[in-house]
**Q** 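Take this structure, written in structure tokens, and hold onto it; I'll ask about it next.
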Amino acid sequence: MKNHNHPFHLVDYSPWPLTGAIGVLTLTSGMMKWFHNFNMNLLMIGYMIIILTMFQWWRDICRESTFQGKHTILVLKGLKWGMILFIISEIFFFISFFWAFFHSSLSPNIEIGNNWPPSGIITFNPFQIPLLNTIILISSGMTVTWTHHSIMENNYSQAFQSLFLTIILGIYFTMLQSYEYLEASFSIADSIYGSTFFMATGFHGLHVIIGTTFLLICFIRLYNNHFSKNHHFGFEAAAWYWHFVDVVWLFLYISIYWWGN
């Protein structure tokens with residue numbers, strides 16, 4: 001198959017899946033050691049292995065798509081379907097948290113005082129930091145769309161500016177949510193409310209960090225002229241993911257912060 005007389009991309013031999021698996025094993029083992037022995041050495045080694053693997057694996061993918069021309073139209077079609085199915089799996093992941101929340105909030109049992117929020121829980125004001133975070137994410141959805149249209153129009157100056165704004169808004173959102181967690185009057189151990197609140201908003205916050213990293217890599221690639229008006233699926237996938245994160249936050253804000261209060 002060395003002649004590549006086919007439209008598909010058969011990946012070359014790569015050590016990165018193996019090093020990634022070793023990194024994840026080291027990371028999870030390090031977390032257990034941290035929890036039980038308060039020793040972070042193995043945890044930090046796991047982080048280093050994963051970060052190095054990410055950098056080198058993504059570098060190889062950028063080479064394949066940008067310089068070696070291996071991402072043909074048919075390959076791109078497969079990548080698009082792969083990203084769509086991945087986002088669908090993420091939707092069902094968040095549905096499980098909403099299911100747990102509504103299962104407990106629509107029919108609160110006697111253990112939490114037969115009311116929602118449970119007795120003793122002081123909830124957040126939905127019109128303070130949560131509303132500001134909603135405005136930030138909606139604004140970031142507008143700026144990432146602006147970036148997409150700028151790339152399609154070969155306006156790289158505006159694409160650069162709008163993508164930079166999107167990344168700044170993503171970082172700002174994460175900072176505000178961290179501050180909100182520090183100021184919270186309840187913890188994940190405080191009844192079903194604390195569990196569902198921190199699991200749902202915490203995993204969403206993790207997805208915002210992942211999405212911001214995704215966009216940051218696209219920013220570096222845009223700076224290095226990796227995207228053209230007809231070939232920029234790396235950014236397109238990041239934009240899809242970011243819109244998904246925006247929509248999930250709207251449901252979180254309406255159901256947990258606003259209705260749930």
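Predicted model only: the values in this text are computed from it and were never measured.
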**Q** Measure up the Tyr181 and Phe198 rings against each other and bin them: parallel (under 30°), tilted (30 to 60°), perpendicular (over 60°).
**A**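 Plane angle over 60°, so perpendicular.
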**Q** Val247: which residues meet the side-chain contact (heavy atoms from CB on, under 4.5 Å) condition with it, sequence neighbours left out?
**A**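 Partners of Val247 under the side-chain contact (heavy atoms from CB on, under 4.5 Å) test: Phe251.
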**Q** Can you tell if the side chain of Met83 reaches within under 4.5 Å of the side chain of Tyr241, non-hydrogen atoms only?
**A**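 SC-SC contact between Met83 and Tyr241 confirmed.
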**Q** Which atom pairs, one a donor and one an acceptor, fall under 3.5 Å between side chains of residues 129-141 and the rest of the protein, sequence neighbours left out?
**A**
residue: Thr134; atom: OG1; partner: Pro130; partner atom: O; Å: 2.8
residue: Thr134; atom: OG1; partner: Trp249; partner atom: NE1; Å: 2.9
residue: Ser139; atom: OG; partner: Ile135; partner atom: O; Å: 2.7
residue: Ser140; atom: OG; partner: Leu137; partner atom: O; Å: 2.7
residue: Ser140; atom: OG; partner: Trp242; partner atom: NE1; Å: 2.8

**Q** Kindly check if the number of other-residue, nucleotide or ligand heavy atoms within 6.0 Å of CZ (Phe92) is above 12?
**A** no
**Q** If a pair satisfies side chain to side chain donor-acceptor pair (under 3.5 Å) and one of its residues is in residues 84-108, list it, with sequence neighbours excluded.
**A**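 Listed by first then second residue: Glu90-His207.
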**Q** With heavy-atom distances below 4.5 Å as the criterion, would you say the side chains of Leu25 and Ile22 are in contact?
**A**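 They are not in contact (no side-chain heavy atoms under 4.5 Å apart), so the answer is no.
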**Q** Run the side-chain hydrogen bond (donor to acceptor under 3.5 Å, both in side chains) test against Gln68 and tell me which residues pass, sequence neighbours left out.
**A**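 If we apply the side-chain hydrogen bond (donor to acceptor under 3.5 Å, both in side chains) test to Gln68, skipping adjacent residues, there are no hits.
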**Q** In terms of heavy-atom contacts, does OH of Tyr179 have more than 12 from other residues, nucleotides or ligands at under 6.0 Å?
**A** no
**Q** Using atom types as modelled, flag every donor-acceptor pair under 3.5 Å from a side chain in residues 161-174 to any protein atom, sequence neighbours excluded.
**A**
residue: Gln161; atom: NE2; partner: Ser157; partner atom: OG; Å: 3.4
residue: Ser162; atom: OG; partner: Thr147; partner atom: N; Å: 3.4
residue: Ser162; atom: OG; partner: Thr147; partner atom: OG1; Å: 2.7
residue: Ser162; atom: OG; partner: Gln158; partner atom: O; Å: 2.8
residue: Ser162; atom: OG; partner: Ala159; partner atom: O; Å: 3.2
residue: Thr166; atom: OG1; partner: Thr143; partner atom: OG1; Å: 2.7
residue: Thr166; atom: OG1; partner: Val144; partner atom: N; Å: 3.4
residue: Thr166; atom: OG1; partner: Ser162; partner atom: O; Å: 2.8
residue: Thr174; atom: OG1; partner: Gly170; partner atom: O; Å: 3.1

**Q** Does His204 reach the side chain of Val245, with side-chain heavy atoms less than 4.5 Å apart?
**A**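 They are in contact (side-chain heavy atoms under 4.5 Å apart), so the answer is yes.
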**Q** Can you classify the ring geometry of Phe102 versus Phe98 as parallel (below 30°), tilted (30 to 60°) or perpendicular (above 60°)?
**A** parallel
**Q** Should we say atom CG of Leu85 is surrounded by more than 12 heavy atoms from elsewhere, each under 6.0 Å from it?
**A**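 Counting other residues, nucleotides and ligands, CG of Leu85 exceeds 12 neighbours.
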**Q** Is the backbone of Ser187 close enough, under 3.5 Å, to the side chain of Asp190 for a donor and an acceptor to pair up by distance?
**A**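 Looks like yes, one N/O pair under 3.5 Å.
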**Q** Would you mind reporting whether Glu183 and Ser178 have side-chain heavy atoms less than 4.5 Å apart?
**A**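 Heavy-atom side-chain distance check fails, nothing below 4.5 Å.
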**Q** Any donor-acceptor pair under 3.5 Å linking the side chain of Glu153 with the backbone of His148?
**A**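 No.
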**Q** With sequence neighbours left out, which residue pairs that include part of residues 16-35 fulfil the side chain to side chain donor-acceptor pair (under 3.5 Å) condition?
**A** Trp16-Asp60, Thr19-Thr53
**Q** side-chain hydrogen bond (donor to acceptor under 3.5 Å, both in side chains), that's the test. Do Thr123 and Tyr193 meet it? Break it down for me.
**A** CA-CA 10 Å; Thr123 59; Tyr193 186 89; 5.0 Å; no
**Q** Is there side-chain contact between Ile45 and Met40, with heavy atoms separated by less than 4.5 Å?
**A** no
